[in-house]
Amino acid sequence: MCGFCGFVDTNIENKELVLTNMMDSIAHRGPDSSGKFSDAHINMGFRRLSFLDLEAGAQPLYNENERFVLTFNGEIYNYKDIREKLIEKGHVFKTNTDSEVLVHGYEEYGTSLLSHLRGMFAFVIWDREENTLFGARDFFGIKPFYYTQTEDGFIYASEIKAILQHPSVKKELNEEALETYLTFQYSALPETFFKGIFKLPPAHYFVIKNGEMTTTRYWEPIFNETDGTLENYVDAIDAQMKESIEAHKISDVEVGSFLSSGVDSSYVASCFGGDHTFTVGFANEKYNEISYAEELSKEIHIPNTNKVITPEEYWDVLPKVQYFMDEPLADPAAVALYFVCQLASQTVKGVLSGEGADEFFGGYNIYKEPLDSASYRKLPKGLRKCFSSIAKALPFNFKGKNFLIRASKDIEERFLGNAYMFSEEERKKLLKVETSAINPFEMVKPIYDKVKDKHDITKMQYVDMHMWLAGDILLKADKMSMAHSLEVRVPFLDRKVFEVASKVPVKYRVNKENTKYAMRLAAKRNLPPAVANKKKLGFPVPIRVWLKEDKYYHIVKEAFTSEVANKYFNTNELVALLEGHRAGKADNSRKIWTVFMFLTWYNVYFQNEA
């Protein structure tokens with residue numbers, strides 16, 4: 001796991017110093033070593049966190065005649081197979097790293113190299129003869145890639161903070177991102193919160209030639225259910241997960257695993273059989289999974305290291321977390337993840353984790369909604385719309401009101417993904433700034449269009465795979481782990497695992513009793529039944545409790561009435577949310593947190609402009 005940065009054809013002075021500053025800003029991604037390459041057209045920088053061929057794996061890496069130059073962040077899990085085939089074709093390798101297969105593979109296959117890969121990656125390859133830059137991001141967006149194009153040229157990096165070090169880049173808030181952030185809790189647009197700085201989407205590559213950038217999607221996840229027995233699917237899931245975990249274990253350093261009380265990380269940890277597991281929790285019993293993790297660790301004979309996060313620690317680290325995130329993220333679990341990564345980094349250089357299982361196998365509880373409303377939705381849509389209008393018009397809440405409203409709509413009209421937060425009406429009340437941000441439902445429409453013939457549950461999974469997974473789950477996993485120079489590997493998010501998951505029928509993914517049904521049965525073969533059947537908790541954080549306490553209530557109220565808040569929000573609306581939560585009128589904790597995290601992030605990156 002590493003970090004890279006660079007720029008092409010930028011007409012600036014002191015290029016080496018600029019590159020050094022960019023590299024220094026992401027030194028946390030690679031504290032073991034650094035490297036540079038420069039010619040008349042490009043300056044490439046690299047920071048390394050060593051995992052394979054510790055002595056000889058420094059980057060940049062080259063092919064035999066040094067025509068192609070590589071910087072790479074990630075892991076290629078099938079590199080040995082690719083290496084053997086390339087050697088048979090006459091390629092000569094200088095190292096035993098997975099990185100070197102990329103540069104020789106590009107020499108041999110061109111952009112088709114990507115179809116050979118299995119892993120997580122973001123990388124660039126410079127062609128010194130053609131003065132062409134080729135770059136790519138992995139299939140699911142596990143590793144980040146940011147870029148901008150200025151009048152001077154093309155600038156790229158593993159983190160935005162490195163791009164901001166370049167003198168051609170003007171740091172300016174992208175207000176269009178704010179409205180969609182309030183909807184999704186994360187930066188959901190291709191353009192980031194910094195004007196002109198973009199994210200390369202997952203499963204895309206680009207080519208820069210003669211100053212022109214072309215971007216191409218090279219792979220697409222497709223659900224193709226097959227007709228088989230439940231036992232066959234369970235067999236396939238268990239076999240493929242164990243194979244994937246074995247592939248993800250490859251390392252020349254010690255690797256542990258994260259462990260919560262949930263089935264995903266428990267499945268990975270039990271099959272991995274590593275040397276350590278790591279868990280964090282809170283003093284509040286409802287928000288503490290440590291006892292579960294300790295019990296399972298004893299059963300699988302792996303020592304568990306854990307930590308209770310105090311409220312003071314959690315709140316004190318918020319600015320640092322938002323600094324490492326680059327963009328505001330409202331997910332409270334990001335902060336807990338910061339602490340478990342910090343804990344693990346004191347013992348190991350890498351961990352296995354359970355991200356991706358919910359999106360692949362149908363794990364979120366909201367995926368049950370189409371089943372729960374199936375009978376009601378047999379009524380004519382016009383009648384359902386009528387009941388919905390009546391429910392909305394009533395000035396009081398009652399049991400089933402939200403059901404009547406949501407069940408009147410098609411899935412494309414009601415589901416924006418797991419992170420949906422503020423409605424359009426709420427955003428208009430909150431925001432002072434006017435934006436032309438695209439309607440959130442228009443944002444997800446192209447995703448729905450690709451699965452319009454699929455079951456509603458599959459549609460929901462597909463939306464989350466393209467939005468929530470990359471925008472929140474994987475972003476925080478990368479940024480919080482790299483903040484502590486720790487590599488996180490995610491064996492669920494493997495092409496071969498998805499091939500198995502894509503064939504599982506809806507009825508074996510989600511039923512009225514359980515989510516991830518077939519996957520849980522596979523997990524049961526390796527876990528105590530109580531763990532395999534445990535209801536999903538996510539990464540529980542007691543913010544709803546803290547926001548009612550005087551100390552933290554006043555911290556947030558001060559932020560909500562600040563000059564920065566007044567610049568972008570109607571502060572009376574913010575305070576009303578806070579007061580309503582404290583009075584117990586409604587649980588506004590996640591809405592409060594979404595705004596508070598934006599303000600925290602803004603003060604980190606734009607405090608001098610406030």
Side-chain angles (χ1 to χ4, degrees), residues 141 146 148 160 170-199 201 322 325-332 334 409 412-448 463-464 466-473 475-476 556 559-578 580 586 588-607 609-610:
Y146 300 97
T148 187
I160 295 172
K170 180 183 178 183
K171 186 173 66 173
E172 187 176 358
L173 180 71
N174 175 20
E175 293 183 352
E176 301 293 333
L178 178 54
E179 185 169 355
T180 56
Y181 166 79
L182 294 178
T183 303
F184 295 102
Q185 302 181 64
Y186 58 86
S187 174
L189 296 174
E191 188 177 18
T192 69
F193 262 88
F194 298 90
K195 272 192 178 179
I197 300 179
F198 293 83
K199 295 168 277 196
Q322 292 302 323
M325 286 304 312
D326 276 339
E327 298 186 86
L329 183 71
D331 190 341
K409 302 175 182 178
E412 293 85 353
E413 300 173 293
R414 71 177 190 267
F415 184 73
L416 284 170
N418 254 292
Y420 184 56
M421 187 51 60
F422 287 99
S423 68
E424 181 180 4
E425 183 180 352
E426 289 171 325
R427 295 193 305 272
K428 285 181 179 178
K429 283 184 180 180
L430 278 181
L431 281 173
K432 274 187 176 179
V433 294
E434 289 190 14
T435 71
S436 57
I438 187 171
N439 182 293
F441 288 96
E442 290 299 314
M443 286 179 63
V444 299
K445 186 179 184 302
I447 301 171
Y448 274 121
V463 168
D464 279 336
H466 285 77
M467 300 287 290
W468 169 251
L469 181 63
D472 180 303
I473 300 293
L475 184 73
K476 70 176 185 277
V556 175
F560 279 6
T561 55
S562 66
E563 185 178 346
V564 173
N566 190 53
K567 183 177 181 180
Y568 295 102
F569 300 99
N570 291 309
T571 56
N572 60 320
E573 295 289 341
L574 296 182
V575 173
L577 279 174
L578 185 61
N588 296 326
S589 57
R590 293 301 297 271
K591 292 180 178 179
I592 293 166
W593 200 253
T594 298
V595 177
F596 183 55
M597 285 302 94
F598 167 75
L599 296 173
T600 302
W601 169 84
Y602 186 93
N603 284 330
V604 169
Y605 278 95
F606 290 93
Q607 57 185 340
E609 287 81 7

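Keep in mind that what you see is a predicted model, and the values were worked out from it rather than measured.
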Any residue meeting ring-ring contact (aromatic ring centres under 6.0 Å, His included) with Phe560, in chain and number order, not counting sequence neighbours: none

Establish, yes or no, whether a centroid distance under 6.0 Å links the rings of Tyr602 and Tyr568. yes

Tell me, do Glu434 and Glu175 make a side-chain contact under 4.5 Å, heavy atoms counted? no

With sequence neighbours excluded, what pairs up with Ala559 under the side chain to side chain contact (heavy atoms under 4.5 Å, CB included) test? Phe596, Leu599

Are any non-hydrogen side-chain atoms of Pro190 and Lys199 less than 4.5 angstrom apart? no

Less than 4.5 Å apart, any side-chain heavy atom of Phe606 and any of Trp601? yes

Using the test side-chain hydrogen bond (donor to acceptor under 3.5 Å, both in side chains), find all partners of Asn588 that sit at least two apart in sequence or belong to another chain. none

Any side-chain to backbone donor/acceptor pair from Lys432 onto Asn566? Under 3.5 Å, distance only. yes

Would you call Val556 and Leu578 a side-chain contact if the rule is heavy atoms closer than 4.5 Å? yes

Not counting sequence neighbours, which residues clear side chain to side chain contact (heavy atoms under 4.5 Å, CB included) with Glu425? List them please. Ser423, Lys429

Of all the heavy-atom pairs spanning Thr180 and Met443, show the shortest one and how long it is. CG2-SD, 3.7 Å

Contacts of type salt bridge (Lys or Arg N to Asp or Glu O under 4.0 Å), residue Lys428, not counting sequence neighbours: Glu424

Ignoring hydrogens and angles, tell me if any N or O in the side chain of Glu191 forms a donor-acceptor pair with the backbone of Gly196 under 3.5 Å. yes

Rounding to 0.5 Å, atoms CG (Asn603) and OG (Ser562) come to a distance of 6.5 Å

With sequence neighbours left out, the residues meeting side chain to side chain contact (heavy atoms under 4.5 Å, CB included) with Thr148 are Thr150, Ile155, Ile163, Val169, Ile197

Which value, rounded to the nearest 0.5 Å, describes the distance between Glu573 atom CD and Lys591 atom NZ? 11.5 Å

If we only count heavy atoms from C-beta on, is the Met325 to Leu475 side-chain gap below 4.5 Å? yes

Heavy-atom donor-acceptor pair, Asn174 side chain to Thr192 backbone, under 3.5 Å: yes

Quick one: list whatever passes side-chain hydrogen bond (donor to acceptor under 3.5 Å, both in side chains) with Lys445, sequence neighbours left out. Asp449

How would you list, by chain and number, every residue that makes a side-chain hydrogen bond (donor to acceptor under 3.5 Å, both in side chains) with Trp468, sequence neighbours excluded? Tyr364

Can a donor-acceptor pair be found between the side chains of Asp326 and Tyr605 at a distance below 3.5 Å? yes

Got a sec, which residues hit ring-ring contact (aromatic ring centres under 6.0 Å, His included) with Tyr186, two or more places apart in sequence or on another chain? Phe184

Return the set of residues passing salt bridge (Lys or Arg N to Asp or Glu O under 4.0 Å) with Arg427 (not counting sequence neighbours), or none when no residue passes. Glu179

How about CD on Glu413, more than 12 heavy atoms from neighbouring residues, nucleotides or ligands closer than 6.0 Å, or not? yes

Minimum heavy-atom distance between Phe422 and Tyr420, given as atom pair plus value: O-CE1, 3.8 Å

Hey, does Val463 have a side-chain heavy atom less than 4.5 Å from the side chain of Tyr448? yes

What I'd like to find out is whether the side chain of Phe415 reaches to under 4.5 Å of the side chain of Phe441, using heavy atoms alone. no

Donor-acceptor pair, distance only, cut-off 3.5 Å: does the side chain of Glu172 make one with the backbone of Lys195? no

Side chain to side chain contact (heavy atoms under 4.5 Å, CB included) with Thr561: which residues, sequence neighbours excluded? Val575

Dump the intermediate steps for side chain to side chain contact (heavy atoms under 4.5 Å, CB included) on Leu430 and Asn570, then the final yes or no. CA-CA 5 Å; Leu430 278 181; Asn570 291 309; 5.9 Å; no

Using the test side-chain hydrogen bond (donor to acceptor under 3.5 Å, both in side chains), find all partners of Ser589 that sit at least two apart in sequence or belong to another chain. Asp587

Any donor and acceptor pair, going by atom type alone, linking the side chain of Glu327 with main-chain N or O of Phe193 inside 3.5 Å? yes

Does any non-hydrogen side-chain atom of Pro328 lie less than 4.5 Å from one of Phe598? yes

